[in-house]
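What follows is one structure encoded as C-alpha cells, with my remarks underneath.
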Amino acid sequence: MRTSRRAIGLTLALISAFSFGSSGAAAKPLIEAGLSPLHVVWLRCTGAAVLLLPLAWRHRAIVRERPGLLIGFGLLGVAGVQAWYFAAISRIPVGVALMLEYFGPPLLLCYVRFVQRKPVTLRAAMGAVVAVAGLVCVVQAWQGLRFDALGVLFGLCAACCQVGYFVLADASSRGDKPADPLGVSAYGLLIGALALTVVARPWNADWSKLGGHAVLAGQQVPALLPAAWMVLVATVLAYLTGVVSVGHLSPPVAGVVANIEAVVATVLAWFVLGEHLAAPQLFGGVLVLLGALVAQTSRPGEPAAAGPAAAPAELPAPEQCRAQP
C-alpha cells in the first residue's frame, strides 16, 4: 500500500511539474501576439480562480480563520510571483527567467538568517553559494550582463516574491488551525486575480487578440489554444496535482520532483519557442537548481553555518501550497 501511495504521489508530482513548467511556453506566444504580460497573468489567475470557485466555497471557513494569510499569499505568492515572472519572460528567455526565480530558496535562506535571526545549516549555506555561482553563469556576468538588465531584475523580483510565498506557505501549516492547502490555493488565486484587476485594468486590453493567431513552434495556431492550456493545465491542473501529491510524498521527495519544472520549462522553450541557451547558461541553470535543492532539503541537526548553538532553521517546504509560475 505504501509503495502504491508513493507511486501515485510521484505520478501526480511529475504531472504538476510538467504543467507548471509549460506556463512560460504557453504565455509567451500570447505576449508576442500583442497582450501585455500583466493582462496575460490576469487571464491566467482569473480563469483559474473562476474554475476553482467551488473549492473556495468548500473551504470558506479559512476566510474567517486566516484572512491575513490569504491576503499575503494572494498578493505575493500568486499575483507577485506570476506578474514579475511574466514580465521577465517578455524580455528574456523563459529558461533564464525561471532559473532566476529559482534563486528564491537562497534568498529565503538570507531572510531566515538575517531577518528572523535564526542559525542556518552548513548544507543550506553551501546550497546558497552554489546557487549564486549558477546565477553568475546564467546571466553571464563576465560579459557585462549579456541578457536584458530589466528582464533580469524582473526575474529577481519574482524570486523575492517567492520568498514571501515560502514563508506564508509554511505559516499556513502552523498554528492551532492549519489551513488546508487546497483552500489556500483557491483563495490565493482569487485574491491575486482581484489585485491584478486593479493593476492590470483588463478592460483596457485588446482581447480581440485571443480571436486571432499566435506563433507556437514556428506555426500559427489559434491564440485561444495557448490561453486555454495556460489556464486549464499550467494553473488548475498544476496546482491541484501538486497539492494532492504532497499527501503521498514527503516534502523532501516532492521538492526534488518540483525542480524538474525548470528543466521542463527550458526544454519546452527550446523546442516550442526556439529559445536556445548557450552552454554556460545550461551549466549555470544546473547549479541554480542544485543549490536550491540543497537549500530546500537541509535538515535540523546539521552543523550551523554561523550563530549560537540553537537548532538550525529548516527552510519551509514549498510543496505545502505551491504558487510557482
Side-chain angles (χ1 to χ4, degrees), residues 15-53 55-56 70 73-91 94 97-98 101 154-155 157-158 161-162 165 182 184-212 214 216 221-243 261-262 264-265 268-269 272-273 321-325:
I15 293 173
S16 178
F18 176 85
S19 300
F20 272 119
S22 68
S23 64
K28 192 153 188 174
L30 297 176
I31 295 173
E32 293 177 343
L35 290 176
S36 72
L38 267 179
H39 289 145
V40 172
V41 73
W42 177 86
L43 176 64
R44 178 187 186 184
C45 288
T46 303
V50 170
L51 291 175
L52 292 181
L53 279 177
L55 193 60
L70 297 181
F73 188 81
L75 295 180
L76 291 177
V78 175
V81 171
Q82 295 188 29
W84 287 118
Y85 171 71
F86 279 20
I89 67 173
S90 69
R91 306 182 70 96
V94 169
L98 195 55
E101 187 185 325
F154 290 161
C157 286
C161 288
Q162 193 187 63
Y165 151 70
L182 288 173
V184 175
S185 294
Y187 278 102
L189 285 165
L190 182 59
I191 293 171
L194 292 174
L196 287 167
T197 298
V198 175
V199 177
R201 299 181 180 181
W203 50 87
N204 292 332
D206 184 6
W207 295 113
S208 64
K209 300 289 185 182
L210 293 178
L216 199 63
V221 299
L224 282 175
L225 179 61
W229 181 279
M230 183 179 61
V231 173
L232 297 174
V233 177
T235 307
V236 175
L237 178 64
Y239 272 90
L240 296 184
T241 54
V243 171
E261 175 190 339
V264 171
L268 284 178
V272 176
L273 304 177
C321 188
R322 292 198 57 166
Q324 304 291 353

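Since this is a predicted model, take the numbers as computed values, not measurements. Residues: numbered from 1 along the sequence shown.
- Looking only at distances, no side-chain donor or acceptor of Trp229 sits under 3.5 Å from a matching main-chain atom of Ala25.
- Of all the heavy atoms in Lys209 and Ala33, the pair that sits closest is CD-O, 3.4 Å.
- Residues Phe154 and Phe86 place their aromatic rings such that the two centres sit no closer than 6.0 Å.
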One pair to check against side chain to side chain contact (heavy atoms under 4.5 Å, CB included): Tyr239 and Leu55. What are the steps and the verdict?
CA-CA 12 Å; Tyr239 272 90; Leu55 193 60; over 6 Å; no
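- Residue pairs meeting the side chain to side chain donor-acceptor pair (under 3.5 Å) criterion with at least one member in residues 190-202, sequence neighbours excluded, are Trp42-Thr197.
- Here OG1 of Thr46 is found 8.0 Å from CG of Leu194. Values are rounded to the nearest 0.5 Å.
- Taken from CE in Met230 to CG in Leu224, the straight-line distance is 10.5 Å, to the nearest 0.5 Å.
- The nearest pair of heavy atoms linking Pro202 to Trp207 is O-NE1, 2.8 Å.
- Counting heavy atoms from C-beta on, the side chains of Leu70 and Ile191 come closer than 4.5 Å.
- Side chains of Leu52 and Leu240 form a contact here, defined as non-hydrogen atoms less than 4.5 Å apart.
- Across all non-hydrogen atoms, the minimal contact from Pro226 to Ala214 is CG-CB, 4.4 Å.
- Between Leu210 and Leu30 the shortest side-chain heavy-atom distance falls below 4.5 Å.
- Atom CZ of Phe18 is separated from atom CG of Leu237 by 10.0 Å, given to the nearest 0.5 angstrom.
- Nearest approach of Ala83 to Leu38, heavy atoms of both residues: CB-CD2, 4.1 Å.
- Side chains of Leu196 and Gln82 form no contact here, defined as non-hydrogen atoms less than 4.5 Å apart.
- Summarising the geometry, atom CG belonging to Leu232 is positioned 8.5 Å from atom OG1 belonging to Thr235; distances are rounded to the nearest 0.5 Å.
- Between Leu273 and Pro29 the shortest side-chain heavy-atom distance falls below 4.5 Å.
- Residues Tyr85 and Val41 have side chains not in contact (no heavy-atom distance under 4.5 Å, counting atoms from C-beta outward).
- Of the candidates Val78, Val50, Val40, Cys45 forms a side chain to side chain contact (heavy atoms under 4.5 Å, CB included) with just one, namely Val78.
- Heavy atoms only, all atoms of each residue included: His39 and Ala200 are closest at NE2-O, 2.8 Å.
- Atom CG of residue Leu53 and atom OH of residue Tyr187 lie 8.5 Å apart, to the nearest 0.5 angstrom.
- Pairing each heavy atom of Ser90 with each of Ile31, the nearest pair is CB-CG2, 3.9 Å.
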